[in-house]
Amino acid sequence: MLDAKHFREGIEETAALLQRRGFTLDVASLQALEVRRKELQVRTETLQNERNTRSKSIGQAKARGEDIEPLLAEVGSLGDQLEVAKNELQSVQNELQAIIAGVPNIPVAEVPLGADETENVEVSTFGEPTQFEFIAKDHVDIAEDLNNGLDFAMAAKLTGARFVVMKGGIARMHRALTQFMLDLHSEQHGYAETYVPYLVNHDSLHGTGQLPKFGKDLFHVDGESQDQVALSLIPTAEVPLTNMARDEIFDEAELPIKLTAHTPCFRSEAGSHGRDTRGLIRQHQFDKVELVQLVKPEDSMQALEDLTGHAEQVLQLLNLPYRKVLLCTGDMGFGACKTYDLEVWLPAQNTYREISSCSNMGDFQARRMQARFRRKGAKKPELLHTLNGSGLAVGRTLVAVLENYQQADGSVVVPEVLRPYMGGVEVLTPSKG
RNA sequence: GGUGAGGUGGCCGAGCGGCUGAAGGCGCUCCCCUGCUAAGGGAGUAUAGGGUUUAUAGCCCUAUCGAGGGUUCGAAUCCCUCCCUCACCGCCA
């Protein structure tokens, strides 16, 4: 959510900045609503003031033992007027809120102008795209030859499309990747390992921006009755981790707060039918190790560089070729003001695919969440800045390892950093029989 | 799931329907006093929104005592619903 000031003073400039990312702000509606809001709010508060003053004098008169009847008569119609004014104000504020809640964050100046992912800017690359002297298989075929380690048919029986059952060495490698990432971030990068709920309430989803706009991308769990709180499965650990700061006021000295968690993520992938239907790339359920930072505003741009670097470390230690991309205005997420994507090389697709997305949300989420901190000696608390990034998506990392470490005989070499997590196994081989 | 207790400011803790944005204490900040320490005296110490304003300064107003509704001229205080916390019992990974 943007500061309301953006819609009061200099709304034209705000509209222009938003237009860069392809969002058209309804300036006329907003201005009209804002005029009415101001008028109604002043009227409502004036009426409230009047009622309070009069009620107080009634109390005083009564205490003096005077006749109250005439005073009561005077107040008679006030209540009704107030009622009407309050209701009108409420509905105008609801309308305003509805518009403002749907407005995305403003990209920072250095974000390149562009319409979609084709206009993202490559910032750097690591390694060379892997070359093979044989015809590279994709991870689905590799796994099939490794004792059917990725069993999509079984998952379809149990649940449906876009789920997977992992087995044997591949399941173990999946777990090893998770452990490796968590240990790296908590031991080397200073993140506090955290365990969080996989179901969250709607306040949390609103706080990080999934609601009200993107509810269709989530899996919802109904309460037993209408009155009960509805919960949703988390689409990313960003939601519980970042919402830990909701309605909090931190001391300046407590910042930065750096958190990491491993969770499954659940996404309905509404609107993605037909894309990446084969394999692990796009699933309804996948695991991810998430990085979240809560920082002072002046630190958030550097924090984004740091956080992205932490995610890159995972790829570098796994020795997976990747490139780092600065997203253009048109490809950025709703709440982000700057985003880097990390794209890992997938030989079978002969291309780079997203494996991590690291964003600085600025104060956009913090404003929705009322996540604040107080500078030493300062009276007023300030909104802090939130950042998050995948460090990394575990399923896609598994895909990358299988495809980049495959050998001509169908076996897959286990990257060295994973071996301690796999009982020293150095290579995954198809066992006959 | 059952029974009971309870949700008030950074924390603890009062609070007859009106003079309570909220006693008292702790903590914190500033000042005074005391040679240091300890003790003591005084003042201050919530958040959000709006109006005014060059102003994130002042000033004025409004809202907030778990949330939402209701009764009333007036609700922290009365009524209803929900949420949450704690204790004991039951069940259970």
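Since the structure is predicted, the reported quantities are computational estimates derived from the model, not experimental observations. Letters A, B, ... mirror the listed sequences (proteins, then strands); counts begin at 1.
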Audit row: A:E95, A:R37, salt bridge (charged side-chain N to carboxylate O under 4.0 Å, His left out) steps and yes/no | CA-CA 10 Å; A:E95 280 184 67; A:R37 190 228 95 230; over 6 Å; no
Could A:D141 and A:R278 be called an ion pair, given the rule that one side-chain N must be under 4.0 Å from one carboxylate O?
-> yes
Do any N or O atoms of the protein come closer than 3.5 Å to N or O atoms of nucleotides 28-30 of chain B, and which pairs are they?
none

Looking only at side-chain N and O atoms, does [X] come under 4.0 Å of OP1 or OP2 in [N]?
X      : N     : result
A:R372 : B:A48 : yes
A:N52  : B:U62 : yes
A:R374 : B:U47 : yes

Would A:K338 and A:E305 count as a salt bridge (charged side-chain N to carboxylate O under 4.0 Å, His left out) if you check the C-alpha gap in whole Å, the side-chain angles of each, and the deciding distance to 0.1 Å?
-> CA-CA 11 Å; A:K338 183 175 181 180; A:E305 301 301 319; 3.8 Å; yes
Between atom [atom1] in [X] and atom [atom2] in [N], what is the gap in whole Å?
X      : N     : atom1 : atom2 : result
A:E83  : B:G70 : CD    : C1'   : 11 Å
A:L47  : B:G51 : CG    : C1'   : 15 Å
A:E382 : B:A48 : CD    : C1'   : 16 Å
A:D251 : B:G27 : CG    : P     : 18 Å
A:L96  : B:G49 : CG    : P     : 15 Å
A:E45  : B:U64 : CD    : P     : 12 Å
A:D247 : B:U64 : CG    : P     : 18 Å
A:R37  : B:G49 : CZ    : C1'   : 9 Å

All N/O donor-acceptor pairs, side-chain side in residues 417-426 of chain A, below 3.5 Å, sequence neighbours left out:
| from | atom 1 | to | atom 2 | distance (Å) |
| --- | --- | --- | --- | --- |
| A:R419 | NE | A:V414 | O | 2.8 |
| A:R419 | NH2 | A:V414 | O | 2.9 |
| A:Y421 | OH | A:D183 | OD2 | 2.7 |

For residues A:Y198 and A:F266, establish whether the separation of their ring centroids is below 6.0 Å.
->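 No, the ring centres sit 6.0 Å or more apart.
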If the P atom of B:C79 is compared with that of B:G6, how far apart are they to the nearest Å?
-> 13 Å
Go through A:R396 and A:I281 one step at a time and tell me if the side-chain contact (heavy atoms from CB on, under 4.5 Å) criterion holds.
-> CA-CA 6 Å; A:R396 289 190 180 182; A:I281 294 292; 3.7 Å; yes
Tell me which residues in residues 362-370 of chain A put a heavy atom below 4.0 Å from RNA chain B, sorted by number, or none.
-> none
Check RNA chain B for consecutive Watson-Crick or G-U pairs with both distances under 3.5 Å and list the runs of at least three as stems.
-> B:1-7 with B:83-89, B:10-12 with B:24-26, B:27-32 with B:40-45, B:46-52 with B:58-64, B:66-70 with B:78-82
Report which part of the nucleic acid A:R43 touches: base, sugar-phosphate, or nothing (heavy-atom distance under 4.0 Å, all strands).
->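 Touches nothing.
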Nearest to the side chain of A:N49, which nucleotide is it out of B:U47, B:U52, B:U62?
->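 Nearest listed nucleotide: B:U62.
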Nearest to the side chain of A:Q41 - B:U52, B:G49, B:A63?
->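 Of the options given, the side chain of A:Q41 lies nearest B:G49.
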Expected rows: protein N/O vs nucleotides 16-20 of chain B N/O, under 3.5 Å:
| from | atom 1 | to | atom 2 | distance (Å) |
| --- | --- | --- | --- | --- |
| B:G18 | O6 | A:K62 | NZ | 3.4 |
| B:G18 | N2 | A:S55 | O | 2.7 |

Is A:D299 close to A:H385 at the side-chain level, that is, under 4.5 Å between some pair of heavy atoms?
->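 Result no, sub-4.5 Å side-chain heavy-atom pair not found.
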Are side-chain heavy atoms of A:R267 and A:L218 found at a separation under 4.5 Å?
->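 No; the side chains remain at least 4.5 Å from each other.
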CG-CE distance between A:D287 and A:M166, expressed to the nearest 0.5 angstrom | 7.0 Å
Taking the inter-plane angle between the rings of A:H189 and A:H185 on a 0 to 90° scale, is it parallel (under 30°), tilted (30 to 60°) or perpendicular (over 60°)?
->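 The arrangement is tilted - the two ring planes meet at 30° to 60°.
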Please identify each residue that fulfils side chain to side chain donor-acceptor pair (under 3.5 Å) with A:E252, with sequence neighbours left out.
-> A:K296
